[in-house]
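Written below as structure tokens is the structure these notes are about.
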Amino acid sequence: MELAESKVVRRAVYQPGASSIEGLPTALQMFHNHPPVMLMPHWHVQVEVNYVMQGSVHYRINGQKISLSEGDMCLFWGGQPHQMDDCSENAIYAGGHLPLVYFFRMRLPINMSSRLMKGEILFTSATDAADRENFPRWVRYTRSGDPAKAQHAVDEMLLRMERIALEPYSMIPTLGPTDADDIEQCYPQSSRSVARMCDFIAVNFLQEIDSVDIARAADLHPKYAMNLFKKTTGMTLNKYVNLLRLSRAQAMLMNDEANVLQVAMDSGFGSISAFNKSFRHIAGMSPSDFRRDARMVTQYAP
């Protein structure tokens with residue numbers, strides 16, 4: 001739900017089933033609106049950029065609580081459960097969801113990108129009037145239907161994210177569990193190889209693919225590709241593919257006619273047992289229970 005910047009007359013509530021963030025996990029998407037409050041956590045397979053243009057917002061991200069006010073910006077890995085659980089009535093924010101294929105094309109400092117993928121939250125108040133003008137324009141360009149404008153907006157936004165490292169910022173650790181403790185620093189050539197793997201996975205994650213297919217697409221040996229991806233992102237190749245599939249499944253489960261078995265098959269899982277195990281690992285509940293709770297939230301949302 002998008003509202004004008006003038007006055008917010010009612011609180012918007014985020015509904016995963018109506019969003020393309022989870023359903024299109026490989027697409028770069030931008031936004032500029034009144035923050036829709038989330039009544040339950042969700043996850044998606046993009047790095048999220050949030051810039052508060054007006055008012056204030058409050059997040060719960062993997063056990064950590066964080067508040068942002070006008071002029072603040074944060075980045076975090078959306079693959080960890082997170083929830084914007086409150087905002088001021090006059091809040092306006094802007095930003096984007098960056099698939100990993102874009103994230104690893106950025107020239108971020110080695111330590112910054114590694115810590116973001118480990119689950120830490122990047123916070124900065126070093127924003128200015130240009131951001132207030134640029135974020136809404138990037139949204140207009142990406143939605144214009146003009147490929148040249150859309151590409152220009154993406155390029156500008158990625159350059160803006162790179163500039164964060166040149167000004168004061170802080171990294172906030174999350175409190176919840178993470179399996180990325182062994183993440184290592186990555187280097188430019190490594191990032192390019194990871195981006196190529198992400199590119200191939202983005203196109204083929206609903207198909208039967210394995211590490212050999214992914215490594216071949218990046219001209220790497222399978223064992224080297226698996227080690228490089230794990231060291232760079234903190235995830236195995238298999239986990240990343242599963243996260244893409246689970247993100248899509250999360251959106252599909254919100255449909256009224258959704259059948260759990262059909263969702264599992266349409267999301268690229270070869271069996272219902274594999275789907276249930278993977279879904280329970282990230283959501284803490286079965287797909288059936290998630291669908292029930294999500295529909296109850298939608299039913300009683302204001």
Side-chain angles (χ1 to χ4, degrees), residues 20-29 43-48 76-80 97-108 110 112-119 154 158 178-252 263-283:
S20 58
I21 296 167
E22 302 91 354
L24 298 173
T26 61
L28 188 152
Q29 303 179 60
W43 67 91
H44 51 77
V45 197
Q46 301 104 340
V47 172
E48 185 164 339
F76 60 89
W77 166 231
Q80 54 193 333
H97 296 87
L98 310 179
L100 291 191
V101 66
Y102 290 94
F103 179 73
F104 282 110
R105 286 174 181 163
M106 288 195 289
R107 295 164 297 181
L108 295 176
I110 294 168
M112 179 190 286
S113 58
S114 297
R115 293 174 71 180
L116 276 168
M117 290 311 305
K118 188 175 180 179
V154 171
L158 295 181
T178 173
D179 58 0
D181 290 336
D182 59 347
I183 196 168
E184 296 183 7
Q185 295 182 347
C186 59
Y187 297 91
Q189 182 57 49
S190 299
S191 292
R192 286 192 289 271
S193 295
V194 170
R196 292 175 68 184
M197 286 189 273
C198 290
D199 233 342
F200 176 81
I201 294 169
V203 175
N204 298 282
F205 73 95
L206 294 178
Q207 311 302 318
E208 290 188 14
I209 57 174
D210 58 22
S211 58
V212 174
D213 302 317
I214 299 168
R216 184 184 300 116
D219 295 324
L220 300 173
H221 186 278
K223 186 174 182 179
Y224 177 78
M226 288 188 291
N227 289 337
L228 174 63
F229 195 87
K230 179 68 185 300
K231 289 178 179 179
T232 304
T233 68
M235 294 179 285
T236 63
L237 281 169
N238 184 61
K239 179 174 180 179
Y240 179 55
V241 172
N242 274 353
L243 274 174
L244 287 168
R245 293 170 174 171
L246 288 168
S247 182
R248 187 170 188 271
Q250 178 185 193
M252 294 174 67
V263 168
M265 298 300 106
D266 291 347
S267 300
F269 287 91
S271 69
I272 188 66
S273 59
F275 176 52
N276 284 334
K277 181 179 179 181
S278 295
F279 198 96
R280 187 180 291 276
H281 179 74
I282 189 170

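Residues forming a salt bridge (charged side-chain N to carboxylate O under 4.0 Å, His left out) with Arg107 (at least two apart in sequence, or on another chain): Glu162. Every residue two or more places apart in sequence or in another chain was checked for a salt bridge (charged side-chain N to carboxylate O under 4.0 Å, His left out) with Asp210, and none qualifies. Judged as a side chain to side chain contact (heavy atoms under 4.5 Å, CB included), and not counting sequence neighbours, the contacts of Arg216 are Val212, Asp213. Applying the side-chain hydrogen bond (donor to acceptor under 3.5 Å, both in side chains) test to Ser271 and every residue at least two apart in sequence or in another chain returns Ser273. Applying the side chain to side chain contact (heavy atoms under 4.5 Å, CB included) criterion to Ile272, with sequence neighbours excluded, gives Val260, Leu261, Ala264, Phe275, Asn276.
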Run the side-chain contact (heavy atoms from CB on, under 4.5 Å) test on Met117 and Met235 for me, step by step, so that the C-alpha distance in whole Å, both residues' side-chain angles and the decisive distance to 0.1 Å come before the verdict. CA-CA 9 Å; Met117 290 311 305; Met235 294 179 285; 4.0 Å; yes
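A side chain to side chain contact (heavy atoms under 4.5 Å, CB included) with Val47 holds for exactly one of Tyr102, Phe103, Phe104; it is Phe103.
Within the 4.5 Å cutoff, the side chain of Met106 has heavy atoms near those of the Leu98 side chain. The shortest side-chain heavy-atom distance between His281 and Lys277 does not fall under the 4.5 Å cut-off. Side-chain contact check for Val45 versus Phe205: every heavy-atom pair is 4.5 Å or farther apart. Under the 4.5 Å side-chain criterion, counting only non-hydrogen atoms from C-beta, Arg248 is not in contact with Val263. Using a 4.5 Å cut-off on side-chain heavy atoms (C-beta onward), Asn204 and Val241 make no contact.
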Please list every donor-acceptor pair under 3.5 Å in which a side-chain atom of residues 218-228 meets a protein atom from a residue at least two apart or in another chain.
unit_1, atom_1, unit_2, atom_2, d
Asp219, OD2, Arg196, NH2, 3.0
His221, ND1, Lys223, N, 3.1
Asn227, ND2, Lys223, O, 3.3

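Between the CG atom in Leu244 and the CG atom in Leu206 there is a gap of 8.5 Å [rounded to 0.5 Å]. The line from CG of Leu246 to NZ of Lys239 is 10.5 Å long, rounded to the nearest 0.5 Å. Annotation: the span from Phe200 atom CZ to Ile214 atom CD1 amounts to 6.5 Å, rounded to 0.5 Å. Note that CD1 of Ile209 and CD of Gln207 are 8.5 Å apart. Values are rounded to the nearest 0.5 Å. The OG1 atom of Thr236 sits 7.0 Å away from atom NZ of Lys230, with the distance rounded to the nearest 0.5 Å. Atom CE in Met197 sits 13.0 Å away from atom CZ in Arg192 (nearest 0.5 Å).
Side-chain atoms of Gln29 never come within 3.5 Å of backbone atoms of His97 as a donor-acceptor pair (strictly under, hydrogens ignored). Side-chain N or O atoms of Ser247 include none that pairs as donor or acceptor with a backbone N or O of Leu243 at under 3.5 Å. Using modelled atom types, no side-chain atom of Ser267 and backbone atom of Phe269 make a donor-acceptor pair closer than 3.5 Å.
Minimum interatomic distance between Asp266 and Met252 (heavy atoms only, all atoms of both residues): CB-CE, 3.5 Å.
By the 30° and 60° cut-offs, the orientation of the rings of Tyr240 relative to Phe229 is tilted.
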